[in-house]
Amino acid sequence: MSAPGGPAGAARAARRPLLLAGLSIVALAWIPLAAMVAVSAIASIEWSGTLRLLITAVVYAPVAAIALTRRRAAVAIITGALAVTSAWFALAVIVGELPGTRPEIDGVVRWFAFLARQPELAALAILPWLLLRTRGRLRTSGVAFGLVAIVGECVTWVLWFGGVPPTAWIDLLPLLAALASFIAAAIALAGEWRSGTDRERQALTWLAVGAVLLILSYVRVVAPLPPMAAVVADAAFVLAQGLLPTAILAVLLGGREIASDRRLAGGIVWVQSLALAVSLYLVVNEAAVLLGMPEAVAGAFAAGALALSFSAVSRFVRRRTALLYFGPGADARQVLGRLGERLAVAGDDTGIRGIAESLLVTWQLSSVTIAPAADADPVAVGRTGAARLATELRAGGRPVGTIELTSDDETVLEHRVRPVLEDLAGLIAVAVLLASVNQEVAATRRRTLGVRREERRMLHRELHDELAPALAGIGFGMAAASRLIETGDPAAEASIAELREQVAVRTEDVRRLARTMLPAALDAGDLDGALRELAQRFSGDGLDVDVHSGGTDVLDAGVQIALYLALAEAVSRLRREAGVHRIDVHVGMDDARATARLRAVGARPTVAAWRALLDATTRRALDVGGVVAAAADAHGHVIEITVRR
């Protein structure tokens with residue numbers, strides 16, 4: 001794991017100012033709420049009229065704090081302003097109910113009402129658009145429309161403060177516009193998240209239910225309702241404020257962990273349970289009153305119903321919220337299932353990288369790095385997190401590589417990942433080994449196809465460009481010799497002798513072509529094995545072919561084929577030259593190029609044979625951009641072929 005002073009410590013230090021700012025928002029919202037409750041209790045003031053404001057301030061202050069630590073400034077400003085202004089507005093309303101304070105505080109209450117109205121409209125009209133992942137024209141247009149609703153609200157309040165109160169419907173227009181923007185944003189979010197992960201769809205479900213409840217609750221503001229319907233609307237609002245903050249946080253997290261602070265998640269569950277309890281109490285109490293029960297009996301009946309159902313409902317909310325924020329835990333069966341899906345698809349891109357990607361998604365990690373034990377580059381996916389967990393992968397008692405997992409949350413690695421990884425390390429090692437074999441098989445298949453394609457191209461060129469024209473020339477020569485024989489020309493005998501020589505040369509070309517066919521060793525990228533096989537085939541009858549070409553298996557298939565064909569061409573031609581008793585072949589490499597040196601020891605070949613040899617070797621080398629140079633030293637005549645790697 002990372003050291004206290006390492007990346008994890010630096011990350012915590014960087015988040016500390018944001019965390020303090022978030023806690024300040026919570027304090028600014030919850031302190032006036034505590035004062036409101038104290039004042040109402042001391043003065044025996046009924047504060048059910050401020051229930052909406054109280055619930056709003058309680059649930060959105062933590063959302064603002066978390067959004068700030070996630071560097072979502074716009075979301076933090078809207079939710080923080082909504083929580084703080086709602087809390088102070090509720091306190092102002094309660095203080096205004098104290099005896100002798102109402103005339104003096106009426107202006108303050110109106111100002112707080114104005115201040116609280118703006119973030120409420122912003123939360124309806126703008127906040128949902130900010131939750132969209134894509135920052136396109138749709139999001140920009142939605143935010144702009146939300147700003148229009150806020151400007152309209154400001155205009156109506158200017159008219160109010162100016163002594164010209166607008167009509168009821170004009171006063172409702174900004175709210176209706178904000179609700180329309182809210183509905184449009186909810187539809188856009190549904191379209192964006194419906195194809196997401198299970199946790200994303202879960203968050204979308206919570207957001208949809210909360211949005212429906214919130215819209216139903218605003219019916220009370222738009223039109224007068226019977227007492228029971230009004231209570232149901234209030235209960236819907238309270239319940240919506242228990243669901244919406246949870247969904248907003250899940251969207252902000254983007255399907256990842258809520259970080260290591262499970263106490264925060266527990267607090268959110270408590271707030272949701274409180275909202276559910278208040279909603280249930282309101283509905284049951286009002287229903288009992290409407291059925292004719294005295295208010296005291298109705299209150300007791302509602303409290304009893306709440307006591308009987310609260311524990312079960314709270315457990316349900318806690319379980320669903322934990323799944324939303326922390327995921328199902330990704331047990332061994334799920335990990336193996338995803339690995340099996342990856343290994344079932346052949347190909348390079350679905351090998352070790354596929355295993356790393358499946359682990360990244362299954363465990364919701366920051367990054368996964370798998371380093372095979374063979375001479376292969378490590379495969380890394382994701383962005384490196386602050387906390388680190390590494391282990392060796394062993395299969396059959398031998399190491400096959402290492403795996404390194406990182407996350408921004410140390411507890412995720414320790415409590416969720418490490419136990420499963422310890423149980424499945426052997427199976428993951430087998431999966432990595434199998435993926436490596438699959439990649440090698442795929443690479444061999446590609447190389448074999450490339451070699452065979454190059455062989456077909458070589459045969460086509462030899463037959464079409466050299467052998468076919470030569471045979472056609474022999475055919476024309478035979479026709480000419482036939483005419484000479486018919487006319488009794490003495491030159492017929494010389495012409496037939498020349499044709500016989502040409503046929504012998506082309507027969508040797510066919511033998512040479514057969515000898516230079518690509519060996520099976522090149523299918524596996526073994527140039528050294530192919531050249532040794534060539535040396536074994538040509539050695540004998542006074543000729544010794546010596547090959548030194550170790551380590552050439554790292555060369556590309558095209559370079560290997562070009563070098564083999566050039567050297568095979570040279571060895572085949574030199575074998576026919578009298579006096580050449582040894583051919584030395586050496587292939588070496590550096591970072592930029594591969595160099596093949598062929599030395600013919602013995603009598604110097606004829607000028608025509610040497611020139612033909614250089615032309616044929618150059619033609620082979622040019623296929624891969626190589627260069628051929630000829631020289632002579634004390635031991636014999638040298639051809640040097642240089643090819644870029």
Side-chain angles (χ1 to χ4, degrees), residues 374-375 439-463 466 508-541 543-577 580 582-590 592-601 613-614 616-628 638-645:
D375 294 333
Q439 288 180 318
E440 291 175 2
V441 170
T444 301
R445 185 185 301 112
R446 280 198 319 274
R447 182 184 292 275
T448 301
L449 293 175
V451 169
R452 296 308 168 205
R453 187 165 48 249
E454 177 63 23
E455 189 173 56
R456 288 193 298 271
R457 187 183 67 82
M458 178 194 69
L459 287 172
H460 178 270
R461 185 179 63 188
E462 292 281 357
L463 296 174
E466 295 186 14
E508 182 61 27
D509 286 342
V510 172
R511 291 195 184 99
R512 176 181 54 82
L513 183 61
R515 285 195 299 267
T516 56
M517 292 292 289
L518 299 179
L522 286 179
D523 292 348
D526 186 7
L527 177 61
D528 181 60
L531 291 176
R532 292 185 182 279
E533 183 180 340
L534 179 71
Q536 185 178 6
R537 190 165 65 245
F538 280 99
S539 295
D541 297 332
L543 178 65
D544 183 23
V545 181
D546 190 19
V547 172
H548 299 278
S549 55
T552 54
D553 57 321
V554 299
L555 294 175
D556 292 338
V559 175
Q560 290 192 16
I561 293 171
L563 288 178
Y564 175 81
L565 291 175
L567 293 172
E569 181 86 24
V571 171
S572 176
R573 289 179 180 272
L574 287 172
R575 184 177 183 273
R576 300 198 302 266
E577 297 297 317
V580 176
R582 193 174 85 247
I583 300 174
D584 294 331
V585 178
H586 181 273
V587 182
M589 299 175 299
D590 57 24
R593 56 189 177 271
T595 303
R597 292 175 60 87
L598 183 144
R599 178 183 290 109
V601 180
L613 174 60
L614 287 177
T617 308
T618 301
R619 188 170 61 251
R620 300 294 189 189
L622 285 176
D623 288 345
V624 288
V627 177
V628 176
V638 178
I639 295 176
E640 185 171 276
I641 308 168
T642 303
V643 179
R644 291 183 179 273
R645 294 185 59 180

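Note: hydrogens, waters and symmetry copies are ignored here, and every other heavy atom, side chains too, is used.
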Practice problem: Can you see which heavy atom on A570 is nearest to which on L613, and at what distance? | Solution: CA-CD1, 3.2 Å
Exercise. Return the minimal non-hydrogen interatomic distance between A594 and L563, and the atom names on each side.
Key: CB-CD1, 4.3 Å
Exercise. State, with a plain yes or no, whether a side-chain heavy atom of V643 is found less than 4.5 Å away from one of V559.
Key: yes
Quiz item: Rounded to the nearest 0.5 Å, how far does CD of E533 lie from CG of D526?
Solution: 9.5 Å
Self-check item: F538 side chain near I583 side chain, heavy-atom distance below 4.5 Å
Solution: no
Exercise. Spell out, as yes or no, whether a donor-acceptor pair under 3.5 Å connects the side chain of T642 to the backbone of T595.
Key: no
Quiz prompt | L567 side chain near V587 side chain, heavy-atom distance below 4.5 Å | solution = yes
Quiz item: What is the minimum heavy-atom distance between R593 and D590, and which atoms define it?
Solution: N-OD1, 2.8 Å
Quiz item: Quick one: are V554 and M589 in side-chain contact, heavy atoms under 4.5 Å?
Solution: yes
Exercise. Apply side-chain contact (heavy atoms from CB on, under 4.5 Å) to the pair R597 and I639, showing each step before the final yes or no.
Key: CA-CA 6 Å; R597 292 175 60 87; I639 295 176; over 6 Å; no
Practice problem: Please report the shortest heavy-atom distance between L574 and V580, naming the atom on each side. | Solution: O-CB, 4.0 Å
Quiz item: Does the side chain of T552 come within less than 4.5 Å of Q560's, by heavy atoms?
Solution: no
Quiz item: Between the side chains of D546 and H548, is a donor N or O closer than 3.5 angstrom to an acceptor N or O?
Solution: yes
Quiz item: Do L534 and R532 touch side chain to side chain, with heavy atoms closer than 4.5 Å?
Solution: no
Exercise. For residues L527 and D553, determine if any side-chain heavy atom of one lies less than 4.5 Å from a side-chain heavy atom of the other.
Key: no
Practice problem: Please assess L598 against V571 for the test side-chain contact (heavy atoms from CB on, under 4.5 Å), listing each intermediate value before the final yes or no. | Solution: CA-CA 9 Å; L598 183 144; V571 171; 3.8 Å; yes
